[in-house]
Amino acid sequence: MEGSWFHRERFPFFLVLSLLLPGRGSAFTINCSRFGQQGVYTTVLDSVFDRKAFRPATNFSIPTLVNISFTMSAVLDVDEQLQLLSSFLWLEMVWDNPFIRWNPEECEGITKISVATKNLWLPDIFITEFMDVDKTPKGLKAYINNEGRIRYKKPMKVTSICELDIFYFPFDQQNCTLTFSSFLYTVESMLLGMEKEVWEIADTSRNIIQTHGEWELLSISKATAKLSMGTNLYDQIIFYVAIRRSPRLYVINLLVPSGFLVAIDALSFFLPAESENRAPFKITLLLGYNVFLLMMNDLLPISGTPLISVYFALCLSLMVVSLLETIFITYLLHLATTQPPPMPHWLHSLLLCCTSPKKCCPAAPQKGNTGLGLSPAHLPGVKEPVESVGKVPGLKEAELNGCPGSTRAQQEDKAQKQHLVSLWVQFSHVMDTLLFRLYLLFMATSITTVIVLWNT
Ligand SMILES: *[C@@H]1O[C@H](CO)[C@@H](O)[C@H](O)[C@H]1NC(C)=O
Ligand SMILES: *[C@@H]1O[C@H](CO)[C@@H](O)[C@H](O)[C@H]1NC(C)=O
Ligand SMILES: *[C@@H]1O[C@H](CO)[C@@H](O)[C@H](O)[C@H]1NC(C)=O
Ligand SMILES: *[C@@H]1O[C@H](CO)[C@@H](O)[C@H](O)[C@H]1NC(C)=O
């Protein structure tokens with residue numbers, strides 16, 4: 001049976017080869033008469049092992065077809081600064097060695113044996129993006145079947161370079177490429193094929209990935225484009241590995257605390273403007289926020305400007321702006337209660353217009369009104385002039401002195417001054433409300449913008 005096959009199919013070809021390789025080409029079929037009794041002869045594959053330095057091809061014009069596939073078993077780390085993706089792969093390569101062949105019927109039904117890879121020619125498939133030394137373990141084995149098909153799997157820790165875009169951090173997705181190609185062999189000598197469909201690779205990888213860490217495998221897709229370098233053309237298979245960061249850690253540790261701090265800062269506007277606690281409260285918040293930023297620096301990517309940094313800067317500037325507003329209002333109140341300058345007419349009418357709801361502004365500022373309801377006696381700075389006016393000591397003195405004209409003038413003067421003070425206090429409250437609303441508006445628009453950008 002073997003003889004007929006030999007003569008019919010391969011004879012001319014074997015003849016040529018036996019001339020080329022004297023003493024070898026006569027029989028590629030292995031004599032396996034004692035497989036299964038005493039194990040494989042140690043010498044039975046010697047003719048194959050002796051050839052391991054050369055590509056196993058009976059005709060060197062025919063390229064070796066190497067089918068590859070891989071399973072990604074872990075996404076270990078993504079280094080934003082060095083732009084590196086560390087992952088763990090099991091690479092599988094399948095190719096044919098035409099010098100190995102046996103008939104399983106003669107060999108007690110044995111269809112495959114395993115062989116130490118150090119005795120075999122191995123395709124030099126590497127990953128173009130690989131940025132580390134290959135740490136493939138020594139002493140791996142490969143399966144050879146009775147048709148000479150060699151199946152070789154190796155584990156690889158792949159540190160590959162990947163263009164990372166961290167703008168959307170921590171809601172980012174990365175698309176990294178793994179390009180499998182031969183180091184040496186051009187398309188005339190080696191062609192690459194797929195051992196499995198790419199969706200199978202993606203499915204198996206997704207099922208097998210053990211880590212539920214920061215990164216989740218989304219999809220794997222592929223492209224085949226030959227690589228031309230000078231006059232040489234290399235075959236390659238490009239895999240696009242899409243991974244997504246799980247943002248939970250960052251939302252809990254970064255976004256929520258800073259959101260709280262900003263919310264408290266906004267709420268602190270409800271502390272009365274006259275209270276001396278407002279500015280120290282805001283300064284404390286600002287300090288707290290700075291400490292938070294310092295501590296959270298480790299969690300942020302070091303390179304690039306992610307949107308989250310813009311968000312933090314925005315929160316910080318909102319706090320600074322609110323502190324500045326408090327300082328301004330405190331200054332205004334101080335000015336109003338100690339030496340109120342004459343109020344310009346237009347400001348007066350504007351103030352009147354804004355504080356009396358019926359005249360022009362349909363929605364009068366509520367806070368301004370409550371502020372106005374507050375009697376000036378509650379104001380720490382206002383106390384003195386009010387008290388002095390309340391007691392009206394000048395009045396009694398003047399009466400005693402028997403000088404009613406001057407008393408009346410003084411009284412009118414005092415009343416006018418008090419009116420002016422209350423006008424300026426009123427103005428400060430209106431300003432406070434207005435600035436608070438502007439602050440809220442700015443905060444809402446900027447935070448909405450950031451969220452919209454994150455969602456696109
Ligand atoms: C295979 O080897 C055995 C023992 O070495 C020998 O008896 C047998 O004739 C050989 N068979 C062939 C087909 O060469
Ligand atoms: C080798 O393969 C090439 C291309 O297939 C063919 O033209 C050539 O005749 C083959 N040589 C031998 C010795 O079979
Ligand atoms: C590689 O795959 C192709 C088709 O997917 C198949 O025809 C060929 O026999 C395979 N070759 C090897 C060595 O596995
Ligand atoms: C990754 O990038 C490649 C090429 O730019 C593209 O073809 C592929 O669709 C991308 N994959 C994903 C999931 O975005």
Side-chain angles (χ1 to χ4, degrees), residues 9-22 24-26 28 48 54-70 72 75 78 83 85 87 91-101 111-112 120-125 128-129 142-153 160-168 171-180 182 185-203 205-206 215-225 227 235-245 456:
E9 307 250 0
R10 293 263 176 120
F11 181 69
F13 161 64
F14 277 10
L15 189 68
V16 171
L17 215 89
S18 61
L19 292 175
L20 286 175
L21 305 163
R24 282 267 163 75
S26 50
F28 296 140
V48 175
F54 309 100
R55 181 164 70 88
T58 45
N59 177 348
F60 274 104
S61 325
I62 300 172
T64 303
L65 176 63
V66 180
N67 285 355
I68 57 170
S69 102
F70 68 91
M72 185 171 267
V75 179
V78 173
Q83 304 264 302
L85 163 76
S87 53
L91 177 62
E92 179 173 12
M93 294 186 265
V94 183
W95 69 97
D96 285 332
N97 186 329
F99 301 114
I100 306 175
R101 183 175 296 275
T111 53
K112 65 176 183 182
L120 295 172
W121 173 89
L122 299 175
D124 58 345
I125 306 292
T128 318
E129 288 83 9
Y143 264 127
I144 305 176
N145 78 356
N146 61 308
E147 309 261 83
R149 181 153 291 184
I150 302 178
R151 200 169 279 274
Y152 169 47
K153 288 186 193 184
S160 59
I161 195 134
C162 174
E163 200 186 328
L164 300 168
D165 176 13
I166 46 136
F167 182 69
Y168 293 108
F171 303 102
D172 52 339
Q173 259 185 38
Q174 306 297 346
N175 190 353
C176 293
T177 42
L178 295 175
T179 308
F180 291 83
S182 168
Y185 295 106
T186 55
V187 282
E188 289 90 46
S189 313
M190 190 184 285
L191 291 177
L192 298 182
M194 295 287 291
E195 175 61 17
K196 282 187 203 159
E197 292 301 318
V198 69
W199 60 264
E200 261 181 283
I201 294 179
D203 276 3
S205 302
R206 260 199 300 270
W215 293 92
E216 177 197 349
L217 180 69
L218 280 185
S219 66
I220 298 176
S221 54
K222 74 154 196 191
T224 43
L227 170 74
D235 201 7
Q236 60 177 10
I237 301 183
I238 305 168
F239 291 96
Y240 298 104
V241 179
I243 52 176
R244 182 171 57 201
R245 194 192 298 267
T456 49

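Order of appearance sets the numbers: ligands from 1, and atoms from 1 within every ligand. Computed from a prediction, not measured in an experiment: that's the story for all the values here. In this chain, residues are counted from 1 in sequence order.
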Reported [atom1]-to-[atom2] distance for the pair [X] and [Y], which is rounded to 0.5 angstrom:
{"X": "T64", "Y": "N97", "atom1": "OG1", "atom2": "CG", "result": "9.0 Å"}
{"X": "T224", "Y": "F239", "atom1": "OG1", "atom2": "CZ", "result": "9.5 Å"}
{"X": "E197", "Y": "K222", "atom1": "CD", "atom2": "NZ", "result": "7.0 Å"}
{"X": "C162", "Y": "L178", "atom1": "SG", "atom2": "CG", "result": "8.5 Å"}

Which residue and non-hydrogen atom of the protein lie closest to [atom], and at what distance in Å?
{"atom": "atom 11 (N) of ligand 4", "result": "N175 ND2, 2.8 Å"}
{"atom": "atom 7 (O) of ligand 4", "result": "Y240 CE1, 4.2 Å"}
{"atom": "atom 9 (O) of ligand 3", "result": "R149 NH2, 3.4 Å"}
{"atom": "atom 12 (C) of ligand 3", "result": "N67 ND2, 3.2 Å"}

For atom 13 (C) of ligand 4, tell me which residue out of A242, S221, C176 has the closest non-hydrogen atom.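 When every heavy atom of A242, S221, C176 is considered, A242 comes closest to atom 13 (C) of ligand 4.
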Q) Quick one: does ligand 3 sit under 4.0 Å from the side chain of M194, the backbone, both or neither, non-hydrogen atoms only? A)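 For M194, the contact with ligand 3 is made by the backbone alone.
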- Query: When you look for heavy atoms under 4.0 Å from ligand 3, do you find them on the side chain of V94, its backbone, both, or neither?
  - Reply: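 Within the 4.0 Å criterion, V94 contacts ligand 3 through backbone and side-chain atoms alike.
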- Test salt bridge (Lys or Arg N to Asp or Glu O under 4.0 Å) applied to D203 - qualifying residues, sequence neighbours left out: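 Counting only residues at least two positions away or on another chain, D203 forms a salt bridge (Lys or Arg N to Asp or Glu O under 4.0 Å) with R206.
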Problem - Heavy-atom side-chain proximity of R149 to D96 below 4.5 angstrom - result: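 When only atoms from C-beta onward are counted, D96 and R149 do touch, with a gap below 4.5 Å.
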Open item on the list: Less than 4.0 Å from atom 4 (C) of ligand 3, is there any heavy atom belonging to the protein?
Closed with: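 No, there is none.
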